[in-house]
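Here's the structure we're looking at; comments come further down.
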Amino acid sequence: AYLALPDPTRAEITIRDGLALVAGKRDIKNESVLTGQLAIALMRRGDLPSAQHYAEMALNLDREAYGNDDPHIVASLNILGQVLFEEGDFRKALARSEEALKISERGDAKTVTVAMLSNNVGQILKEQSQWDAALHYTEQALVIVETLYGPNNPKAAVYANNIGTILADKDDLRGALRFIQRALRIDEGVYGTDHPEVATDCQNVAYIYKQEGRFKLALTYAERSLSIDVKVYGLDHPRVAIDDDNVGTLFLDLRNLEKALHYTSRALDIDEKIYGRDSVQVAKPATNLGLTLKAKGDLDGALSYLERA
């Protein structure tokens, strides 16, 4: 219930209040649950070192309460794996996630938990460029949720999308497009046509078409993603900035330089408002705006933005 709070800082305060109530009572099991929730709240807030500290504490409490091979420790293993993944420590993240998966598979190997953990392992392996192994685990996740819930459930869309991105990394663009378009069809059926999940799917389809050099098709999906995100979030939102940048670079590919300039400029304006002029978050739109100005022949203007990036 704590993590349902939209503000991670408020969730953190509420969870700490709960921890204070169980402090000194040797209520290890409840203390472990609350400590794990605190780690998640801190991760959502971006305080990864503190999140790792509490995730490790939760795991130690669970090991004390249940031992090293009990299914009850799977949740804290998974939380620690997520935090380590966000920190970029993929080796340790993989070890914790594989341990959680191994314990879960000792029971029923066809559960939603096993699917989730298989997908997590696949995502870590993807970051390590171990694409065949990543594909194996993510396909396993997809098979499980299809068996449990049928082929048209939201989790199937998530895992199909992840398979698509792995195939794209393997340069199997045709296979990637097949899975990502499948995710799009599922999400449209579940959420309707104007939902953030659908926008994400459209971004992914646009990316594949762009990689294939099919810029007009890519633009169709990128503009659809932008339209959805503007409806959902308004103009001044990080997702809209990403969409603007994607649309702008596609217009640059198509040599429509005025529209490229419009969208890349807007992307940079949004990110500067949100993150500040000197944030690393503005590097990508600044680069693309510089490249657009270069293509227009404004070399001085181009250089001013490329030097910022």
Side-chain angles (χ1 to χ4, degrees), residues 46 86 88 126-127 129 161 164-174 176-177 180-181 184 193-309:
E86 292 298 322
K126 176 180 181 290
E127 293 300 320
S129 301
N161 219 333
T165 61
I166 294 166
L167 290 170
D169 286 342
K170 285 168 59 70
D171 292 325
D172 181 359
L173 297 179
R174 181 172 296 182
L177 185 61
I180 292 170
Q181 286 181 324
L184 174 58
T193 56
D194 293 328
H195 189 276
E197 291 293 336
V198 174
T200 298
D201 295 333
C202 287
Q203 281 185 5
N204 291 337
V205 173
Y207 171 78
I208 299 300
Y209 280 134
K210 179 179 171 69
Q211 294 303 110
E212 291 183 328
R214 300 162 76 180
F215 301 127
K216 288 185 179 179
L217 270 173
L219 182 61
T220 299
Y221 285 92
E223 287 181 322
R224 183 179 172 197
S225 178
L226 172 61
S227 175
I228 294 169
D229 283 338
V230 169
K231 287 179 185 176
V232 173
Y233 301 110
L235 280 173
D236 292 329
H237 191 275
R239 283 185 61 126
V240 174
I242 292 170
D243 289 322
D244 277 336
D245 195 54
N246 291 340
V247 170
T249 56
L250 284 164
F251 275 121
L252 179 59
D253 290 327
L254 290 165
R255 311 311 293 172
N256 188 331
L257 301 183
E258 291 303 322
K259 286 192 174 182
L261 182 62
H262 168 74
Y263 285 103
T264 54
S265 297
R266 195 168 77 173
L268 181 59
D269 287 343
I270 294 170
D271 278 345
E272 286 182 337
K273 287 179 185 176
I274 295 169
Y275 303 112
R277 191 175 186 279
D278 297 323
S279 170
V280 295
Q281 299 287 344
V282 307
K284 186 171 182 284
T287 297
N288 290 331
L289 179 54
L291 293 173
T292 302
L293 290 168
K294 181 181 178 182
K296 285 175 64 67
D298 182 356
L299 300 183
D300 289 337
L303 186 60
S304 69
Y305 286 103
L306 293 171
E307 284 179 338
R308 282 182 56 188

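Leu289 places none of its side-chain heavy atoms less than 4.5 Å from the side chain of Leu306. Looking at Leu184 and Cys202, their side chains come closer than 4.5 Å, going by heavy atoms from C-beta outward. Within the 4.5 Å cutoff, the side chain of Val282 has heavy atoms near those of the Leu268 side chain. Using a 4.5 Å heavy-atom cutoff, the side chains of Asn246 and Tyr207 are not in contact. For the pair Asn204 and Ile208, the minimum side-chain heavy-atom distance is 4.5 Å or more.
The shortest non-hydrogen separation linking Ala176 to Ala168 is CB-N, 3.6 Å. Minimum interatomic distance between Gln181 and Tyr209 (heavy atoms only, all atoms of both residues): NE2-OH, 3.3 Å. Val240 approaches Gly234 most closely through the heavy-atom pair CG2-O, 3.1 Å. Residue Gly301 comes nearest to Asp298 through the heavy atom pair N-OD1, 2.9 Å, listed as atom of the first residue, atom of the second, then distance. Here the closest heavy-atom approach between residue Leu261 and residue Thr264 is recorded as O-OG1, 3.4 Å. Residues Ala295 and Leu257 share a closest heavy-atom pair of O-CD1, 3.5 Å.
In this structure, Gln211 CD and Leu173 CG are separated by 6.5 Å, a value rounded to the nearest 0.5 Å. Within the model, atoms CG of Asp271 and CG of Asp244 stand 9.5 Å from one another, a figure rounded to the nearest 0.5 Å. Between the CZ atom in Arg214 and the CG atom in Leu219 there is a gap of 14.0 Å [rounded to 0.5 Å]. The CD1 atom of Ile180 sits 8.5 Å away from the CG atom of Asp201 when rounded to the nearest 0.5 Å.
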message: Pair Asp169, Thr165 - check side-chain contact (heavy atoms from CB on, under 4.5 Å), show working.
response: CA-CA 6 Å; Asp169 286 342; Thr165 61; 5.5 Å; no
- request: Could you walk me through whether Asn288 and Tyr305 pass side-chain contact (heavy atoms from CB on, under 4.5 Å), step by step?
  value: CA-CA 9 Å; Asn288 290 331; Tyr305 286 103; over 6 Å; no
task: Go through the steps for Glu272 and Ile274 under the test side-chain contact (heavy atoms from CB on, under 4.5 Å), then give the verdict.
output: CA-CA 5 Å; Glu272 286 182 337; Ile274 295 169; over 6 Å; no
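At distances below 3.5 Å, at least one donor-acceptor pair connects side-chain atoms of Arg308 with backbone N or O atoms of Arg277. Side chain of Thr287 to main chain of Ala283: a donor-acceptor pair is present (N/O by atom type, distance under 3.5 Å, no hydrogens or angles).
Listed by first and then second residue, the side-chain hydrogen bond (donor to acceptor under 3.5 Å, both in side chains) pairs that reach into residues 232-243 are Thr200-Arg239, Gln203-Asp243, Ser225-Asp243, Asp229-Arg239, sequence neighbours excluded. The salt bridge (charged side-chain N to carboxylate O under 4.0 Å, His left out) analysis of residues 284-296, with sequence neighbours excluded, yields the pairs Asp245-Lys284, Glu258-Lys296. Contacts classified as ring pair (Phe, Tyr, Trp, His ring centres under 6.0 Å) and involving residues 250-276 (residues at least two apart or in different chains) are given here: Phe251-Tyr263.
Of the listed residues (Val247, Asp253, Leu252), just one forms a side chain to side chain contact (heavy atoms under 4.5 Å, CB included) with Leu250, and that residue is Asp253.
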